[in-house]
Structure formats: C-alpha cells, structure tokens
**Q** 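My structure is below; once you've seen it, I'll send some questions.
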Amino acid sequence: MTAAHQGTVCGADLRAAFSLRAEPVCAITSCDEYGERIGMTATSVTSVSLDPPMLLVCVASRSLLASAMRAKLPFVVHFLSTEQEDIARRLASPIEDKFREVSHYMSSSGAARLKAAQAILECEPDQVHQAGDHLVVIGLVTRIDHAASDGPALLFHGGRFTRAE
C-alpha cells in the first residue's frame, strides 16, 4: 500500500507536488465588516459556471479574508500580469497595511479594487464551505472588466513567480 492510501501524506508533500504546476496568480481583495481593506495573493481560483457566472476561490481559514467570506461580504478577483509581481508579493506578505503602496479604490459594492489587472471580477459570496484548513468559496460574478493591465500573465511555479511565455 502506498503512503497516499495510508493517509500519511503531509501538507509539505502536497505543496511540493503542486509546486510542479504553473498556476496563474490572482489578487483577492475585500473589506472586513469594519470597512478595513484586506487582501491576499492566491493561485486557487477557477471558473465554476457560465450560467450563472460563478468562480471558486480557496482561502486559508485563519486569514482575515476568510472572516469576510464567512460574513458574505463582496470580494474582487484580479488576474495579475508580470508587471504586478510587486502587488502579489505585498498582498502575500504579513505586513499590516498591504494597500499603502498599491493603486486602488473602493468599488461600488464596498470591496477594495486594484486600479489595474488583466481582468477584474467583482463577486458576491454565494456558498462558503469549510474544507480542511481552508474555506472553499463559490462567488457569483457581478461585474467583469478586461485588460486594464498589459503584459504576460504572472505565474507561480517551483516556489517562485514567473511569466507565461
């Protein structure tokens, strides 16, 4: 019997396996129930449905963004280009004010929204499910803006940022 069948696979093994895949990098932003801007960098974003338009985002359960998702607060998914690696690094960092040097504004829904990205999808949480140490969030896409930023897509592969060729 393999380790996978014995239930002995650890998180580090899973992370190492997934590091072999090149994943598009997204910025996920929102505001908490007090109006404070919150955000994170994510690679776990995918399309779910075209009718109605829905996407899936995975968020660490202990993150500030998870609290906003549980409260069903609006959020925004930004597809980042290589020109925006600094934003990806900033939102992935533990610093307090992640938006201090990031060009953004508040969307009409009340979520923080970056001024530029390859595509910007404003969403309302529809379903929130606990899955291990993450929340799986199904969001209803309420608005899409395209090509506010040029350049190749920012990818994460082998534990580092890279570009799509």
Side-chain angles (χ1 to χ4, degrees), residues 10-11 14-15 17-19 21-81 83-149 153-156 161:
C10 69
L14 187 60
R15 182 183 300 263
F18 272 90
S19 77
R21 292 178 41 151
E23 300 282 354
V25 178
C26 296
I28 313 297
T29 59
S30 187
C31 285
D32 65 16
E33 55 271 11
Y34 306 106
E36 295 294 320
R37 301 162 299 180
I38 52 179
M40 62 175 260
T41 300
T43 57
S44 297
V45 177
T46 192
S47 173
V48 171
S49 170
L50 298 178
D51 186 19
M54 301 175 101
L55 58 74
L56 177 148
V57 177
C58 294
V59 178
S61 296
R62 292 190 202 163
S63 71
L64 293 173
L65 205 52
S67 295
M69 298 297 185
R70 284 185 195 99
K72 302 275 185 122
L73 298 173
F75 65 98
V76 184
V77 176
H78 308 80
F79 297 169
L80 301 181
S81 72
E83 298 167 356
Q84 297 169 304
E85 183 177 334
D86 58 329
I87 293 172
R89 289 186 182 283
R90 188 165 187 84
L91 292 178
S93 75
I95 61 173
E96 292 241 354
D97 187 0
K98 295 182 181 199
F99 292 87
R100 189 183 62 188
E101 297 175 13
V102 175
S103 184
H104 70 285
Y105 63 96
M106 303 311 289
S107 70
S108 59
S109 69
R113 180 180 158 136
L114 303 180
K115 286 191 175 177
Q118 289 184 321
I120 301 171
L121 296 80
E122 293 190 23
C123 305
E124 299 284 338
D126 183 65
Q127 300 172 44
V128 179
H129 305 280
Q130 188 71 45
D133 60 358
H134 277 66
L135 293 181
V136 176
V137 180
I138 308 293
L140 178 64
V141 180
T142 59
R143 178 179 173 177
I144 300 175
D145 294 309
H146 296 280
S149 175
L154 182 62
L155 301 177
F156 195 72
F161 292 110

**Q** Under 3.5 Å, which donor-acceptor pairs do the side chains of residues 44-60 form with other protein atoms, sequence neighbours left out?
**A**
from	atom 1	to	atom 2	distance (Å)
Ser49	OG	Asp51	N	3.3
Ser49	OG	Asp51	O	3.4
Ser49	OG	Pro52	O	2.7

**Q** Under 3.5 Å, is there a donor on one side chain and an acceptor on the other for Gln130 and Ser61?
**A**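 Result is yes, a qualifying pair exists.
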
**Q** I want to check something: taking the side chain as every heavy atom from C-beta on, are Thr29 and His78 in contact at a cut-off of under 4.5 Å?
**A**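 Yes, at least one pair of side-chain atoms sits under 4.5 Å.
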
**Q** Roughly how far, to the nearest 0.5 Å, is the CD atom of Glu85 from the CG atom of Leu80?
**A**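 One finds 10.0 Å between CG of Leu80 and CD of Glu85.
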
**Q** Determine the minimum heavy-atom distance between Ala92 and Thr41, stating which atoms define it.
**A**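 So the minimum-distance heavy-atom pair works out to N-OG1, 3.4 Å.
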
**Q** Taking Ala111's backbone N and O only, do any of them form a donor-acceptor pair with Ser30's side chain (distance below 3.5 Å, no angle check)?
**A**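 A pair under 3.5 Å: no.
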
**Q** Not counting sequence neighbours, list each pair that qualifies as a salt bridge (charged side-chain N to carboxylate O under 4.0 Å, His left out) and has a residue in residues 34-48.
**A**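 Every salt bridge (charged side-chain N to carboxylate O under 4.0 Å, His left out) pair that includes a residue of residues 34-48, provided the two are not neighbours, is Arg37-Asp97.
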
**Q** Flag the pair Leu114 / Ile120 as yes when at least one side-chain heavy-atom distance between them is below 4.5 Å, and no otherwise.
**A**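 They are not in contact (no side-chain heavy atoms under 4.5 Å apart), so the answer is no.
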
**Q** Could you tell me which non-hydrogen atom of Leu73 sits nearest to which non-hydrogen atom of Cys31, and how far apart they are?
**A**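 Nearest pair, atom of Leu73 first, then Cys31: CD1-O, 3.4 Å.
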
**Q** Quick one: does Asp145's side chain get under 4.5 Å of Arg113's, heavy atoms only?
**A**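 Contact flag for Asp145/Arg113 side chains = yes.
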
**Q** Between Val141 and Cys123, is any pair of side-chain heavy atoms under 4.5 Å apart?
**A**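 Heavy-atom side-chain distance check passes, below 4.5 Å.
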
**Q** Find the distance between CZ (Arg90) and CZ (Arg100) and round it off to the nearest 0.5 Å.
**A**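 So the gap between those two atoms works out to 5.0 Å.
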
**Q** Can a donor-acceptor pair be found, under 3.5 Å and without considering hydrogens, that links the side chain of Lys98 to the backbone of Ser93?
**A**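 Flag set: sc Lys98 to bb Ser93 pair under 3.5 Å.
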
**Q** So how far is it from Glu122 CD to Ile144 CD1, rounded to the nearest 0.5 Å?
**A**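 One finds 10.5 Å between CD of Glu122 and CD1 of Ile144.
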
**Q** Write down the atom of Val25, the atom of Leu155, and the distance for their closest heavy-atom approach.
**A**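 Looking at all heavy atoms of both residues, the closest pair is CG2-C, 3.6 Å.
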
**Q** Please report the shortest heavy-atom distance between Ile38 and Ala68, naming the atom on each side.
**A**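 So the two residues come closest at CD1-CB, 3.7 Å.
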
